J.: 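One structure is given below, represented as structure tokens, and several questions about it will come after.
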2 protein chains.
Amino acid sequence: MEALVKVLKNHKCKITPQRLAVYHVLRNNKDHPNAEAIFKMLEPNYPTISLATVYKSLELFAELGLIQAINLGENSFRYDPNPKVHPHVICSKCNKVEDLPEEYFDDLKAVVAKLVNYKVTKQHLTFYGICSDCNTN
Amino acid sequence: MEALVKVLKNHKCKITPQRLAVYHVLRNNKDHPNAEAIFKMLEPNYPTISLATVYKSLELFAELGLIQAINLGENSFRYDPNPKVHPHVICSKCNKVEDLPEEYFDDLKAVVAKLVNYKVTKQHLTFYGICSDCNTN
DNA sequence: ATACGTGCAAAGAATTTGCAGCGAC
DNA sequence: GTCGCTGCAAATTCTTTGCACGTAT
């Protein structure tokens with residue numbers, strides 16, 4: 001609840017019901033929703049909120065390092081309440097996105113740096129497969 | 001030159017100057033261009049070609065397994081003359097995209113499968129950094 | 001000769017922007 | 001009271017589609 005308020009205050013951004021709502025919906029959701037999905041989740045309680053406001057809020061939070069926008073090769077961005085870049089697995093059947101711990105993949109940057117002589121700063125790792133739920137059904 | 005002609009014939013698709021041109025421009029380019037860039041490269045020699053034709057050709061080639069569309073989190077798709085999914089490094093300064101050999105990253109699927117109990121089928125690995133050219137300048 | 005492909009312009013989808021009025025400070 | 005924020009609608013950007021005409025087979 002309160003990291004958001006603190007950070008907004010520090011940056012002299014107003015604390016509005018819409019911003020609180022967008023942040024909390026994302027926080028309490030494990031699916032890595034896109035802007036449209038967040039908008040739909042908010043509509044029942046905030047019938048006048050607009051999609052533009054959702055986008056503006058998400059953009060602000062990403063700038064402030066509170067969340068991150070992720071691109072999984074779909075047509076729209078998904079949003080992740082964890083601002084740290086980390087690997088994801090996406091189920092090709094139900095489209096659920098799960099997080100993976102970074103530490104298993106830390107040595108890859110060095111492998112790449114050696115292969116191509118780049119100063120590697122970031123890695124985006126996305127795995128696709130069938131989750132255990134979808135696999136048994 | 002000729003894998004294209006053979007595959008088009010096999011699928012009873014017409015061999016048009018536009019299709020040949022789109023394919024060759026992509027083949028002879030190392031930057032992993034997007035549709036707009038391909039269109040611009042073609043314009044001098046094909047002043048009447050349209051962007052829609054470029055898109056339609058690229059879509060056809062991708063369906064036929066001749067090339068692949070890749071999404072690196074930018075606003076537009078890039079196209080890769082290599083149809084096999086493989087890792088990429090992108091230079092954050094000059095936006096050049098280079099290929100990486102898959103074999104160094106083959107064991108990752110098993111790591112993920114163990115971590116989350118997915119049947120992992122595909123991995124999209126993209127690394128970001130500064131290339132040696134940009135680093136020295 | 002007969003589809004199929006081209007190229008224009010218009011449609012679509014996701015996201016961004018302009019701006020008048022409102023509300024947090 | 002001020003100025004940033006909201007929410008509407010319009011603009012933008014990338015991509016796709018519809019359709020009349022041209023062209024590869």
Side-chain angles (χ1 to χ4, degrees), chain A residues 2 4-23 25-26 32-40 42-64 66-79 95, chain B residues 2 4-23 25-26 32-40 42-64 66-79 95:
Chain A
E2 310 334 354
L4 172 64
V5 173
K6 198 188 300 176
V7 173
L8 287 177
K9 273 190 179 157
N10 285 348
H11 290 81
K12 304 191 198 311
C13 298
K14 299 217 168 131
I15 293 150
T16 67
Q18 289 87 338
R19 286 179 178 172
L20 295 173
V22 169
Y23 187 72
V25 160
L26 182 56
H32 298 68
N34 60 20
E36 184 76 29
I38 292 170
F39 176 65
K40 292 237 173 78
L42 289 169
E43 264 187 320
N45 295 312
Y46 297 82
T48 71
I49 203 171
S50 77
L51 189 51
T53 296
V54 174
Y55 274 111
K56 283 169 186 167
S57 301
L58 290 168
E59 187 191 11
L60 175 66
F61 300 161
E63 264 171 29
L64 299 183
L66 290 162
I67 68 168
Q68 95 179 277
I70 57 180
N71 182 317
L72 300 177
E74 299 164 308
N75 37 12
S76 60
F77 281 94
R78 286 169 177 257
Y79 295 87
N95 286 314
Chain B
E2 311 336 353
L4 172 65
V5 173
K6 197 187 303 177
V7 173
L8 286 177
K9 273 190 178 156
N10 285 349
H11 289 81
K12 306 191 197 312
C13 298
K14 300 218 166 129
I15 294 150
T16 67
Q18 291 88 337
R19 286 178 179 171
L20 295 173
V22 169
Y23 187 72
V25 161
L26 183 56
H32 298 69
N34 60 21
E36 184 76 32
I38 293 171
F39 176 64
K40 292 236 172 79
L42 289 168
E43 264 186 320
N45 294 314
Y46 297 83
T48 70
I49 203 171
S50 75
L51 189 51
T53 297
V54 174
Y55 274 110
K56 283 169 185 166
S57 301
L58 291 168
E59 187 191 10
L60 176 65
F61 301 160
E63 263 171 30
L64 300 182
L66 290 161
I67 69 168
Q68 97 181 274
I70 58 181
N71 181 320
L72 300 178
E74 299 164 308
N75 37 13
S76 61
F77 282 94
R78 285 168 177 259
Y79 295 87
N95 287 313

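For clarity, every value in this text was computed on a predicted model and none was experimentally measured. To find a chain, count down the sequence lines: A is the first, B the second, and so on, and within it residues start at 1.
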J.: Could I get the full list of side-chain contact (heavy atoms from CB on, under 4.5 Å) partners for Lys40(B), not counting sequence neighbours?
T.: Glu36(B)
J.: Take the protein atom CD of Glu74(B) and the nucleotide atom P of dT15(C), then report the distance between them rounded to whole Å.
T.: 16 Å
J.: Minimum heavy-atom separation for Gly73(B) to Phe77(A), with atom names?
T.: O-CZ, 4.4 Å
J.: Apply the test side chain to side chain contact (heavy atoms under 4.5 Å, CB included) to residues Leu26(B) and Val22(B): give CA-CA distance (whole Å), side-chain angles for both, the deciding distance (0.1 Å), then the verdict.
T.: CA-CA 6 Å; Leu26(B) 183 56; Val22(B) 169; 5.7 Å; no
J.: Sugar-phosphate atoms are those with a prime plus P, OP1 and OP2; base atoms are the rest. Using that split, label each nucleotide of nucleotides 20-25 of chain C B, S or - for protein heavy atoms under 4.0 Å, 5' to 3'.
T.: ---BBS
J.: Are any of the side-chain heavy atoms of Leu64(B) and Leu8(B) separated by less than 4.5 Å?
T.: yes
J.: Just the endpoints, please: which first and last nucleotides of DNA chain D, 5' to 3', lie under 4.0 Å from a heavy atom of chain B?
T.: dC14(D) to dT25(D)
J.: Between Glu74(A) and Asn71(A), which heavy-atom pair has the shortest distance, and what is it?
T.: N-OD1, 4.4 Å
J.: With Tyr55(B), which residues qualify under side-chain contact (heavy atoms from CB on, under 4.5 Å), at least two apart?
T.: Ala35(B), Leu51(B), Tyr79(B)
J.: How many whole angstroms separate atom CZ of Phe77(B) from atom P of dA13(C)?
T.: 15 Å
J.: For Arg19(B) and dG7(C), give me the distance from atom CZ to atom P, rounded to whole Å.
T.: 11 Å
J.: If you assign Thr53(A) and Ala52(B) each to the DNA chain D nucleotide with the nearest heavy atom, which residue ends up on the more 5' nucleotide?
T.: Thr53(A)
J.: Using side-chain contact (heavy atoms from CB on, under 4.5 Å) as the criterion, list what pairs up with Ser76(A), not counting sequence neighbours.
T.: Asn34(A)
J.: Can you confirm whether Leu60(B) sits close enough to Arg19(B) that some side-chain heavy atom of one is under 4.5 Å from a side-chain heavy atom of the other?
T.: yes
J.: Give the residues of residues 54-63 of chain B touching DNA chain D, defined as any heavy atom closer than 4.0 Å, sorted by residue number.
T.: Tyr55(B), Lys56(B)
J.: Please give me the minimum heavy-atom distance between Tyr23(B) and Leu66(B), naming the atom from each residue.
T.: CE1-CB, 4.3 Å
J.: What's the separation between atom CD in Gln68(A) and atom CG in Leu58(A), rounded to the nearest 0.5 Å?
T.: 12.5 Å
